[in-house]
K.L.:
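Okay, handing you the structure first.
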Amino acid sequence: MKIVRFNHGRWGFLKGETIHETDAPAGNPTGLHFDLASVRLCAPAAPSKIVCVGRNYLDHIKEMGHMSQELPAEPGIFLKGPNTLADPGEPVPYPSFTRLLHYEGELAVVIESRMQNVPEAEALEHVLGYTCALDITARDKQKTDLQWVRAKSADKFCPLGPWLKTTLDPQDTTLRTYVNGVLRQEAHTSQMIFPVAKILSYISSFMTLEAGDVVLTGTPEGVGELKPGDKVEVAIEGIGSLHTPIV
Ligand code: MG
């Protein structure tokens with residue numbers, strides 16, 4: 001099933017090209033129907049926080065020059081605020097504080113029910129669905145600022161969508177990122193160092209994940225620079241494509 005959030009926060013599920021409105025993210029039908037083409041899709045989550053994994057694909061660790069270090073024994077975690085969400089297709093302004101804006105295509109997970117100290121074997125039972133995310137990063141400020149707040153958590157630095165796919169094996173799909181139609185990132189999610197269940201269990205061991213929270217699972221190799229006018233597409237097989245113009 002594909003769960004959609006649309007028109008300033010209404011929920012529904014998509015069947016063909018028709019949205020069947022529901023009273024909650026995976027709730028009961030209200031009886032109202034909408035044509036997909038007639039609505040404005042929203043980022044499919046209303047999180048209290050967005051929790052992200054920094055280094056989860058070996059090839060990306062290599063390209064960032066971190067191979068002198070040992071492979072991470074635990075997932076490297078950082079946060080993006082809810083202010084970073086941008087809707088599918090929503091233009092993201094190139095901020096004036098950076099000279100090096102990067103794209104990072106990622107598989108995102110949206111939580112369905114509260115997670116505290118959840119074992120890895122039960123972690124995926126708490127997942128509402130999976131979607132595409134663009135972890136926009138001010139790479140220059142990531143290197144020079146004391147923390148990553150400005151580099152990772154500026155307004156609209158987390159486009160998300162276009163909808164949640166509820167049935168997906170998160171370790172058996174392919175992620176691709178295109179910039180202006182040119183393929184820049186391609187990886188199978190079986191290449192993750194820490195699988196999604198491990199990431200969720202790990203986070204829940206020190207931080208409560210609430211319903212609606214979003215978890216970004218890391219980017220593969222091929223990250224690169226964005227310029228105003230660029231059009232980014234994050235495409236995940238079995239989910240769909242998230243389009244983001246940089247303006
Ligand atoms: Mg990232």
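Just so you know, these numbers use all the heavy atoms, side chains as well, and skip hydrogens, waters and symmetry mates. Note that the coordinates shown come from a computational prediction; the quantities given were computed from them, not determined experimentally. First listed ligand is number 1; within each ligand, the first listed atom is number 1.
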K.L.:
Could you see if Phe6 belongs to whatever hydrophobic cluster contains Ile239? Use Ile, Leu, Val, Met, Phe, Trp, Tyr and a side-chain cutoff under 4.5 Å.
P.N.:
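Yes.
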K.L.:
Quick one: do the Glu106 and Thr217 side chains pair a donor with an acceptor below 3.5 Å?
P.N.:
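Their side chains do not contain a donor-acceptor pair, so the 3.5 Å distance test is not met.
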K.L.:
Looking at Gln147, I'd like to know if its CD atom is crowded, meaning that more than 12 non-hydrogen atoms belonging to other residues, nucleotides or ligands lie closer than 6.0 Å.
P.N.:
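Counting neighbours around CD of Gln147, 12 or fewer heavy atoms of other residues, nucleotides or ligands fall under 6.0 Å, so no.
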K.L.:
Which protein N, O or S atoms sit under 2.8 Å from the Mg ion (ligand 1)?
P.N.:
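Atoms qualifying: Glu104 OE1, Glu106 OE2, Asp135 OD2.
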K.L.:
Side chains of Ile203 and Leu209, heavy atoms from C-beta outward: is any pair under 4.5 Å?
P.N.:
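Sidechains of Leu209 and Ile203: in contact.
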K.L.:
In plain terms, say whether Glu90 and Lys156 are close enough for a salt bridge, that is, a side-chain N and a carboxylate O under 4.0 Å apart.
P.N.:
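Yes, charged N to carboxylate O under 4.0 Å.
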K.L.:
Could you check whether the rings of Phe78 and Trp148 sit parallel, tilted or perpendicular, using 30° and 60° as the cut-offs?
P.N.:
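Geometry flag for Trp148 against Phe78: perpendicular rings.
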